[in-house]
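Heads up: the structure comes next, in structure tokens.
All residue numbers refer to positions in the sequence shown, counting from 1. Basis for what follows: all heavy atoms, side chains included, without hydrogens, waters or symmetry-related copies.
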Amino acid sequence: MRIRIVDAFTDRPFAGNPAGVLLLDAFPEDDCLQKVALEVNHAETAYAHPLPEGGEADWALRWFTPATEVAMCGHATLATAHVLHTTGAHEGPVRFATRSGVLMATPHDDGSITLDFPTAPLTPVDAPEGLAEALGAQPRAVLDTGPNVGDLLVELADEKTVHALRPDHKAIAAHSTRGIIATARAEDPALGYDYVSRCFFPNVGIDEDPVTGSAHTALAPFWSERLGRAELTGLQASPRSGRVRTELRGERTLLSGRAVTVIEGELLA
């Protein structure tokens with residue numbers, strides 16, 4: 001099996017969020033998929049295989065962290081679409097059959113790819129006891145992001161506070177299914193982004209995710225309502241960093257970015 005490591009939501013190597021991508025004829029046993037994901041040891045490893053023509057989707061797609069299978073992953077979907085497009089395995093828009101329904105990925109002439117994902121339903125909730133201490137910052141607002149994303153979205157006072165976070169990952173794990181999305185409005189939109197975020201997912205084996213597409217299905221409606229615009233750009237301020245362009249379309253959110261293949265090899269096991 002060929003395996004590729006792709007940096008997603010970036011136009012340069014060694015930035016954005018790396019994902020393993022394997023194009024298969026069929027899915028092997030789940031135990032095998034999980035072991036390979038642990039060996040790859042990136043936030044997600046994506047597995048895809050082609051589906052019969054004439055159906056509602058072109059490829060089946062699953063995502064595994066080093067610890068578990070997840071219901072939705074943006075950056076590994078972007079990475080998979082990039083591999084399909086750059087290798088010629090699929091031309092034009094591709095429809096993926098996933099645990100989150102059929103997801104569309106559309107490549108563009110400029111090298112970017114747009115993902116069509118379900119918008120996360122946001123429900124304001126009270127800040128759980130101990131959340132401020134776990135994050136190391138006082139929340140301004142806390143929202144549940146629904147079952148597909150599985151995070152708490154936490155608005156903080158300002159961009160500096162988001163950059164300065166040094167959370168207690170063990171304590172964070174008690175507060176949501178996957179983890180915490182911390183966000184604040186950009187201090188200077190002239191720098192090319194409208195809001196900043198960081199994502200901490202200890203419950204799926206990822207202390208801090210470099211760039212999280214699925215989180216932006218919650219960040220897009222949150223900030224679009226506050227900023228009064230459907231089209232925005234988010235900066236995920238992890239050490240690797242990356243930008244996600246978002247467009248809110250009601251129950252769907254478009255996520256756009258680029259990807260770069262950095263490693264290609266053969267899986268021998």
Kindly indicate whether the side chain of [X], heavy atoms from C-beta on, has any atom under 4.5 Å from the side chain of [Y].
X	Y	value
Leu103	Asp116	no
Leu255	Arg245	no
His49	Leu51	yes
Thr177	Asn203	no
Leu219	Ile181	yes
Leu152	Leu143	no
Asp58	Phe96	no
Asp207	Ile172	no

Side-chain heavy atoms nearer than 4.5 Å, only ILVMFWY residues, links allowed to pass through others: does that put [X] and [Y] together?
X	Y	value
Met104	Val244	no
Val211	Tyr193	no
Ile3	Phe27	yes
Val36	Ile5	yes
Ile113	Trp59	yes

The test is side-chain contact (heavy atoms from CB on, under 4.5 Å); show your working for Gln236 and Cys199 and say whether it passes.
CA-CA 8 Å; Gln236 193 155 331; Cys199 294; 3.6 Å; yes
Which heavy-atom pair separates [X] from [Y] by the least distance, and what is that distance?
X	Y	result
Pro118	Met72	CG-CE, 3.6 Å
Arg240	Asp7	NH2-OD1, 3.2 Å
Leu24	Met1	CD2-SD, 3.0 Å
Ala184	Val162	CB-CG2, 3.7 Å
Ala46	Leu61	CB-CD1, 4.0 Å
Thr119	Gly250	OG1-O, 2.9 Å

Given side-chain contact (heavy atoms from CB on, under 4.5 Å), test Arg229 with Leu248 step by step and report yes or no.
CA-CA 9 Å; Arg229 288 184 286 124; Leu248 185 64; over 6 Å; no
Any sub-3.5 Å donor-acceptor pair from [X]'s side-chain atoms to [Y]'s backbone N or O?
X	Y	value
Asn17	His75	no
Thr68	Val204	no
Gln34	Pro66	yes
Thr212	Ser214	no
Ser238	Pro210	yes
His175	Ile180	no
Thr161	Ala157	no
Thr145	Asp151	yes
Ser224	Ala220	yes
Thr80	Ala76	yes

Basic-acidic side-chain contact under 4.0 Å: [X], [Y]:
X	Y	answer
Glu56	Arg95	no
Arg198	Asp209	no
Glu69	Arg99	yes
Arg249	Glu247	yes
Asp30	Arg62	yes

Residues, nucleotides or ligands: over 12 heavy atoms within 6.0 Å of [X] [atom1]:
X	atom1	value
Glu264	CD	yes
Asp110	CG	yes
Asp25	CG	no
Glu187	CD	yes

Can you tell me how far apart [atom1] ([X]) and [atom2] ([Y]) are? Round to the nearest 0.5 Å.
X	Y	atom1	atom2	answer
Arg226	Arg185	CZ	CZ	11.0 Å
Arg4	His82	CZ	NE2	9.5 Å
Thr123	Leu153	OG1	CG	11.0 Å
Leu131	Gln138	CG	CD	8.5 Å
Phe222	Leu232	CZ	CG	12.0 Å
Leu115	Cys73	CG	SG	10.0 Å

Can you tell me how the ring of His216 sits relative to the ring of Tyr195, calling it parallel under 30°, perpendicular over 60° and tilted otherwise?
tilted
Fit a plane to each ring of Phe200 and His169, take the angle between them on a 0 to 90° scale, and name the class: parallel (under 30°), tilted (30 to 60°) or perpendicular (over 60°).
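Geometry flag for His169 against Phe200: tilted rings.
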Applying ring pair (Phe, Tyr, Trp, His ring centres under 6.0 Å), name anything that partners Phe201, two or more places apart in sequence or on another chain.
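If we apply the ring pair (Phe, Tyr, Trp, His ring centres under 6.0 Å) test to Phe201, skipping adjacent residues, there are no hits.
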Looking only at side-chain N and O atoms, does Thr77 offer a donor or acceptor that is under 3.5 Å from a partner on Trp63?
yes
Stepwise side-chain contact (heavy atoms from CB on, under 4.5 Å) test for Leu254 and Thr246
CA-CA 5 Å; Leu254 303 185; Thr246 62; over 6 Å; no
Could you walk me through whether Thr183 and Ser197 pass the side chain to side chain donor-acceptor pair (under 3.5 Å) check?
CA-CA 4 Å; Thr183 188; Ser197 67; 5.4 Å; no
Is the centre of the Tyr47 ring less than 6.0 Å from the centre of the Phe64 ring?
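They qualify: ring centres under 6.0 Å apart.
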